[in-house]
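Report on the following structure.
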Amino acid sequence: MASLAFTTTPSPQFPPFKPKKSHKFTPTHLTKLQEDAKSHQVLYKSYFHHISSLCKEGQVQEAVNLLAEMELKNLRVGPQIFGELLQGCVYQRALFTGQQIHAHIVKHGDFFTENEYIESKLVIFYAKCDVLEVSNHLFRRLLVQNVFSWAAIIGMHCRMGFSEEALLGFVEMQRNGFLPDNFVVPNALKACGALMWIGFAKGVHGYVVKMGFGVCVFVASSLVDMYGKCGILEDARKVFDGMLERNVVAWNSMIVSYVQNGMSEEAIEVFYDMRVEGIEPTRVTVSSFLSASANIGAFEEGKQGHAIAVLGGLELDNILGSSIINFYFKVGLIDDAELVFSRMPEKDVVTWNLLISGYVQFGQVDKALNICRLMRSENLRFDAVTLASLLSASADICNMKLGKEGHCYCIRNNLESDVFVVSSIVDMYVKCERIDYARQVFNSTIKRDIILWNTMLAAYAELGQSGEALKLFYQMQLEGVPPNAISWNSVIVGFLRSGQVNEARDMFLQLRSLGVQPNWIPWTTLISGLAQNGFPDEAILVFQQMQEAGITPNTISLVSALSACTDKAALHYVKAIHGYVTRHNIWLSIPIATSLLDMSAKCGITDQENCAFDTILSKELPLYNAMICAYALHGQALEALAVLKQFEEEGIEPDNITFTGVLSACSHAGLVNEGPFQSYGL
């Protein structure tokens, strides 16, 4: 079988292959290529270090300009450059610049967008800038999560007030095999403190002990802060005392915890311990110290705090300035508060509100209104606190025209839905004797919290409209709002004001039968009401039951009990209460000392009158008046005149009660002509 001839004619489409001469690199060429590569690497490193340095110095835009310069020179930009730029945006919280860099990364393609390093940097950048949706979206798309991305997400949720989400992330992080470090744990503790989840917090504390993070000053400070927010001061102090190293953050956490829980004396003590240790206070330290001083009226301590701020060169910002103003108003030094306000370079709405509320507190309504006008001239808008102060001022001077103007402002600026403002509006109309207007505002409010219900209840109670108060009390329960001690107290007050003692007593018993332990407010209300309605025996019995129930009597409770004893002239009860105030060292209270003087005089115990009067070092007009009236009751005119002369020497102006007491004393002793009435133009 003949075979087919095979020809080797070249294809017309593919010309025959002709091998080309290979390039021969001479040693000179190789050296040049190596030098070019080395030069490129040196130039890249130079740009990288320069960009990194600019980012750390906060010059992000200059660093971005260098990136553009690199691209013009055709220098290849690696992921590290973009990572440094994003980190620079994190330092400055430069959201817009960071978004531009993100767009540049996307433009460069998947090589960069899918780079693990850049993905993590983008998550951290958006989380640090508090861009919730974007950061969460990028985080869930991460191919590889790490501790840094988890820390950023948990920290963002914590900062933005999403505490539950932060703790869920803390749990999920561990479930996915990542152990929280000493940067994550403080955020988890902060979230626990915000939610007051003490059980979860103790679990985190156990993790801290297990991992040995307790030696970290920031973790330990977070533990102190968390226990303080949860109200467990013993554990907070235990952690604080166990710290090997304590920086200013740790000291601040302990001081703030005491202040937040009303333990102002302990806060002041810790502040002085901090000074002994040589730790320089910050604005937070001094602000907390001033708050503690203001709470207990510690005049000298507060002045020292202000001096420390001045000598330490602390900036008079809104936080520190507001604390100083608050202190001076609390101790009654209005001129000093005004001076501090005038020297503040910048003032926010909180600072203006503090000045307005301070004036209202001291009845200087005209000044408060002038500050409001000045505030508006500075293009600052009134907020709920401003309006509440204005409405309170309107209520105090019964100026319904001003109150209505404030009400109209609330409506125009959509503030009428704020429960705090609505409560102030209701209170204003009540004090202006228009409870019908108050009820209309109350009825038109959609969201009514316990404060608003109690405001309306208290209004009916003060007017003695016990029937309306009782109906409202049942209505709030039908609408799913459980009454608290103040609600019950208002109903009891309503009954007592209208003379319905039996109903008041039954309401109090009903409160106790529900398993609710009344605090001192309902107890004191019942004691005072029984005494005022002519039931001193029962008032004293209730006072005894109050102590048996474990409720510690305060100043108001003791004054109420003393009023019952005065009416009854029961010497053994008088001596018992006298012994109680002596044992508990509460003689320094002017109301108690005044009540004891009055009670002792009516019971004929003259020795205790002098004892109570002499014990008080800083005497005020009510105490002097009580002493004069006591002497008048027993016809001791010369002693009454001696007391009058004593407080005249101290520069205290007498009032009508003073003159009535002196006149009574002199008339009983036949010494009317001896009285100092002519010197006062009487």
Show me, pair by pair, the donor-acceptor contacts under 3.5 angstrom made by side chains of residues 140-149, not counting sequence neighbours?
unit_1 : atom_1 : unit_2 : atom_2 : d
R140   : NH1    : E172   : OE2    : 3.3
Q145   : OE1    : W150   : NE1    : 3.2
N146   : OD1    : F148   : N      : 3.1
N146   : OD1    : S149   : N      : 2.8
N146   : OD1    : S149   : OG     : 3.1
N146   : ND2    : S120   : OG     : 3.2
S149   : OG     : N146   : N      : 3.1
S149   : OG     : N146   : O      : 2.9

Measure the acute angle between the ring planes of F200 and W197, then classify it against the limits of 30° and 60° as parallel, tilted or perpendicular.
tilted
Any chance CD1 of I319 has more than 12 other-residue heavy atoms, nucleotides or ligands included, within less than 6.0 Å?
no
Residues, nucleotides or ligands: over 12 heavy atoms within 6.0 Å of F48 CZ
yes
Can K347 be said to sit on top of F341's aromatic six-ring, NZ or CZ under 6.0 Å from centre and within 45° of the ring axis?
yes
Taking everything shown except I451 itself, do over 12 heavy atoms lie less than 6.0 Å from its CD1?
no
Check whether the side chains of Y272 and Q304 place a donor and an acceptor atom closer than 3.5 Å, and report yes or no.
yes
Closest approach of P281 and F271, non-hydrogen atoms and distance?
CB-CE1, 4.3 Å
Under-4.0 Å salt bridge between E69 and K73
yes
Does R159 come within less than 4.0 Å of D130, counting only side-chain N to carboxylate O?
yes
Would you kindly say whether E338 and Y359 are connected by a side-chain donor-acceptor distance under 3.5 Å?
yes
Contacts table for residues 93-105: side-chain donor-acceptor under 3.5 angstrom, sequence neighbours left out:
unit_1 : atom_1 : unit_2 : atom_2 : d
R93    : NE     : K128   : O      : 3.1
R93    : NH1    : V90    : O      : 2.3
H102   : ND1    : Y126   : OH     : 2.9
H104   : NE2    : E71    : OE1    : 3.2
H104   : NE2    : E71    : OE2    : 2.7

Could you verify whether a donor N or O on one side chain and an acceptor N or O on the other, from R237 and Y227, lie under 3.5 Å apart?
no
Side chain to side chain donor-acceptor pair (under 3.5 Å) for N252 and S288? Distances and angles first, verdict last.
CA-CA 8 Å; N252 286 350; S288 301; over 6 Å; no
Are there more than 12 heavy atoms of other residues, nucleotides or ligands under 6.0 Å from atom CD of E265?
no
Does any donor atom in the side chain of D383 or T386 lie under 3.5 Å from an acceptor atom in the other side chain?
yes
M375 to R381 - nearest heavy-atom pair and separation:
CE-O, 3.7 Å
Among N353, N413, L390, which one satisfies side chain to side chain contact (heavy atoms under 4.5 Å, CB included) with F382?
L390
Note: S293 and G302 closest approach over all heavy atoms is OG-N, 3.6 Å
Do other residues, nucleotides or ligands put more than 12 heavy atoms under 6.0 Å from the CD atom of E346?
no
Just verifying a value: how many Å separate I411 CD1 and S417 OG, rounded to the nearest 0.5 Å?
11.5 Å
Is it true that atom CZ of F112 has more than 12 heavy atoms of other residues, nucleotides or ligands lying nearer than 6.0 Å?
yes
Can you confirm whether the side chains of S291 and N326 place a donor and an acceptor under 3.5 Å from each other?
no
With side chain to side chain donor-acceptor pair (under 3.5 Å) as the criterion, how do S221 and S253 come out once you've worked through the C-alpha distance, each side chain's angles and the decisive distance to 0.1 Å?
CA-CA 6 Å; S221 299; S253 297; 4.7 Å; no
Distance in Å, L290 CG paired with E301 CD, rounded so as to fall on 0.5 Å steps:
11.0 Å
